[in-house]
Amino acid sequence: MTLTQERLKELLHYDPATGVFSWLTNMKGGVRCGDVAGCKTGGQGYIRIRLDDHCYYGHRLAFFYVNDRWPAQIDHINRDRSCNAWLNLREATFSTNAQNRCGKSKNNVTGLMGVRVNPRSTKNPFVAQITIGCKAVHIGCYPTAEAAHSAYVEVKRKRHEGCTI
């Protein structure tokens with residue numbers, strides 16, 4: 001059975017101000033009407049809710065609850081994956097969503113987004129680069145990681161609408 005908006009609204013109430021879903025009926029496992037629905041996923045931080053033997057992410061349910069259609073991608077504007085308040089959610093493309101990802105890459109040793117080290121350079125060892133359309137674009141080489149990061153942030157704000165850094 002495919003979840004319909006009608007079925008969703010039979011089971012859950014969504015508060016757009018808080019992003020919290022609550023049960024409208026008693027369910028199996030001791031769930032009572034009025035209880036908060038869902039729980040955080042292990043390690044990812046998303047809210048996941050089980051409905052009719054299927055698991056759904058809360059942010060996707062919120063979009064479906066309001067718009068009666070499933071989004072391709074949803075971006076949490078403030079980067080808090082557990083905050084499903086309507087004003088914190090926006091429909092996005094994969095590329096736009098990736099621009100608002102949380103933090104630096106796990107391979108980043110500088111601690112700053114958009115900055116990597118070029119060990120062959122002693123004068124300007126910090127390289128700023130940005131990914132645009134799945135392609136790495138070189139911004140420049142800098143004497144400090146902070147200077148490289150500043151250049152990255154400047155380009156990112158110009159190129160990526162909705163950038164929050």
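Side chains are part of it too, since the values below use all heavy atoms of this structure and drop only hydrogens, waters and symmetry mates. Just so it is clear, the structure is predicted and the values come from calculations on it, not from any experiment. Just so you know, residue 1 is the first one in the sequence shown, and it goes up from there.
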Testing Trp23, Tyr65, Phe64 for ring pair (Phe, Tyr, Trp, His ring centres under 6.0 Å) with Tyr14, which one passes?
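One option only clears the test, and that one is Tyr65.
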Examine distances only and state if a side-chain atom of [X] and a backbone atom of [Y] form a donor-acceptor pair shorter than 3.5 Å.
X     : Y     : result
Asn26 : Cys33 : yes
Asn78 : Asp80 : yes
His54 : Asp52 : yes
Ser82 : Ile47 : no

Give, for atom [atom1] of [X] and atom [atom2] of [Y], the distance between the pair rounded to the nearest 0.5 Å.
X     : Y     : atom1 : atom2 : result
Arg48 : His59 : CZ    : NE2   : 12.0 Å
Leu11 : Arg50 : CG    : CZ    : 13.0 Å
Leu61 : Ile74 : CG    : CD1   : 10.5 Å
Arg90 : Gln73 : CZ    : CD    : 12.0 Å
Lys9  : Asp68 : NZ    : CG    : 7.5 Å
Glu91 : Leu89 : CD    : CG    : 11.0 Å

So, using salt bridge (charged side-chain N to carboxylate O under 4.0 Å, His left out) as the criterion, who are the partners of [X] when residues are at least two apart?
X      : value
Glu154 : Lys158
Arg32  : none
Glu10  : Arg7

State, with a plain yes or no, whether a side-chain heavy atom of Val117 is found less than 4.5 Å away from one of Val127.
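With C-beta onward as the side chain, the pair stays apart.
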Is there a side-chain contact between Val137 and Gln129 in this structure, where contact means two heavy atoms from C-beta onward sitting under 4.5 Å apart?
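No, their side chains stay 4.5 Å or more apart.
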Test of understanding: clusters of I, L, V, M, F, W, Y form through side-chain heavy atoms closer than 4.5 Å, transitively. Do [X] and [Y] belong to the same one?
X     : Y     : value
Val31 : Leu8  : yes
Leu87 : Val20 : no
Leu51 : Val36 : no

Applying side chain to side chain donor-acceptor pair (under 3.5 Å), can you list everything that pairs with Thr18, at least two apart in sequence or on another chain?
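By the side chain to side chain donor-acceptor pair (under 3.5 Å) rule, Thr18 matches Asp15.
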Can you list everything that forms a side-chain contact (heavy atoms from CB on, under 4.5 Å) with Ser22? Sequence neighbours excluded, please.
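For Ser22, the residues satisfying side-chain contact (heavy atoms from CB on, under 4.5 Å) (neighbours in sequence not counted) are His13.
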Checking Ala148 now: which residues fulfil side-chain contact (heavy atoms from CB on, under 4.5 Å) with it, not counting sequence neighbours?
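Counting only residues at least two positions away or on another chain, Ala148 forms a side-chain contact (heavy atoms from CB on, under 4.5 Å) with Val115, Phe126, Ala128, Tyr142.
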Taking atom CZ as the centre, does Arg60 end up with more than 12 heavy-atom neighbours from other residues, nucleotides or ligands that are less than 6.0 angstrom away?
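Yes.
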Heavy-atom pair of closest approach, residues Thr110 and Ala145
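Looking at all heavy atoms of both residues, the closest pair is CB-CB, 4.5 Å.
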Just by distance, no angles: are the side chains of His76 and Asn84 close enough, under 3.5 Å, to form a donor-acceptor pair?
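Asn84 and His76 do have a side-chain donor-acceptor pair below 3.5 Å.
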Does a donor on one side chain and an acceptor on the other come within less than 3.5 Å for Arg81 and Gln44?
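The criterion, which ignores hydrogens and geometry beyond distance, is not satisfied for Gln44 and Arg81.
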Parallel, tilted or perpendicular: ring planes of Phe63 versus Trp86, cut at 30 and 60 degrees:
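Answer is tilted, since the angle falls between 30° and 60°.
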